[in-house]
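One-based numbering, in listed order, for ligands and for the atoms of each.
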Amino acid sequence: MSTPCTPPTYEDVTQAAALLQGIAHRTPVLTSSTLNDCLGAQVFFKCENLQRIGAFKFRGGYNAVARLTPEQRRAGVVAFSSGNHAQAVALASRLLGVSATIVMPLDAPAAKKAATRGYGARVIEYDRLTQDREAIAREFVERDGLSLIPPFDHPHVMAGQGTAVKELIEEVGPLDELYVPLGGGGLLSGSLLSAAALAPQCRVFGVEPEAGNDGQQSFRSGQIVRIDPPASIADGALTQALGKLTFSVISTLAHDILTVKDATLVSALRFFAERMKIVVEPTGCLGAAAVFDQGQAVRGKRIGVVLSGGNIDLAALGGYLS
Ligand SMILES: *Cc1c(COP(=O)(O)O)cnc(C)c1O
């Protein structure tokens, strides 16, 4: 499969921002004076739960499809995902007039399959236990000439994801610390490029579920560590390993990788629903949960937090809160 193999630069993030102008939402930055008083800090939440498709992934998906050549666009794209990346690639493709094929597990939630089809994508189902989704996607690439849009380890995906933090810092000014949810590292690596360019003093933390701390192990040991499939309610951050490109950016620019417990994610879900009147999915709460864990250590600081997504069904949310 032909994926470009050098990491993006901040220049790529600014190009992505120009392509996304007027197409992605410029999401709001919300604050809570209750929280600020409690921590003695200023916390700025970048609300990507309010982005198109309900998560930041629209940014990277759109940028990657938009940057294909006219010939590649005519052939179409393929992606494999059971989550937000599927909908991101499906919507981006529809907006750009490109046909999209999304490889999803047979047992993916019906609502997610329906949403993906609703954006006009062809959904190909596979059996998680007996079939390899990457092999299925590769067949579409080799046989039909489709371009694979990977969920994180791709320069145009990473650059697109970086536009959220670019907007955040341009709007609120320099930050002392920034907390970013971490799965495969597309969001964190893009955020690092923007922070390094716009707020070079800012210390940037990636945040993972405690049960799936492959990123922390990789960052601290200096090489990519692969773990067994983790179990956490943060279902968008259950990747087993960082990508080559995302790791190269993260290992040079991140300050540290932190982990949080599922119980703290639940406290954060409750805080957002009850106090801020917004729905944030468990994975989207990772950065906020790490700030709650810091407690008084953030006193006096200006803190940025990316709320990465809001796709959770209300029955599941109710289950966590009851
Ligand atoms: C995909 C996803 C993440 C993790 O992003 P990576 O780029 O894989 O690190 C975090 N939050 C949400 C809501 C996501 O959909």
Please work out, at 4.0 Å between heavy atoms, whether the side chain, the backbone, both, or neither of Lys57 comes within that distance of ligand 1.
side chain
Select one of side chain, backbone, both or neither to describe which atoms of Gln161 lie under 4.0 Å from any atom of ligand 1, heavy atoms only.
neither
Numbered atoms of ligand 1 (with element) below 4.0 Å of [X], judged on heavy atoms:
X: Gly185; answer: 6 (P), 7 (O), 8 (O), 9 (O)
X: Thr283; answer: 10 (C), 11 (N), 12 (C)
X: Glu281; answer: 13 (C)
X: Asn84; answer: 13 (C), 14 (C), 15 (O)
X: Gly236; answer: 1 (C), 2 (C), 3 (C), 4 (C)
X: Gly186; answer: 6 (P), 7 (O), 9 (O)

Nearest neighbour in protein (non-hydrogen) for [atom]:
atom: atom 5 (O) of ligand 1; result: Phe56 CZ, 3.4 Å
atom: atom 8 (O) of ligand 1; result: Gly184 N, 2.9 Å
atom: atom 12 (C) of ligand 1; result: Ser308 OG, 3.4 Å

Can you find a side-chain donor-acceptor pair between Gln217 and Asn213 that sits under 3.5 Å?
yes
Does one side chain, of Thr163 or Arg59, offer a donor that lies under 3.5 Å from an acceptor on the other?
yes
About how many Å separate CD of Gln131 and CD1 of Ile136, when rounded to the nearest 0.5 Å?
4.5 Å
Stacked cation flag Arg133 on Phe80, 6.0 angstrom / 45 deg:
no
Determine yes or no for a side-chain-to-main-chain donor-acceptor pair under 3.5 angstrom, with Glu48 supplying the side chain and Ala164 the backbone.
no
Please check: side-chain N/O of Gln216 versus main-chain N/O of Ile257, any donor-acceptor pairing under 3.5 Å?
yes
Side chains of Leu182 and Leu242 in contact at under 4.5 Å (non-hydrogen atoms)
yes
Mind telling me whether Phe45 and Phe272 have parallel, tilted or perpendicular rings, with 30° and 60° as the class edges?
perpendicular
What do you reckon, does Gly309 have a nitrogen or oxygen under 3.5 Å from a nitrogen or oxygen of ligand 1?
no
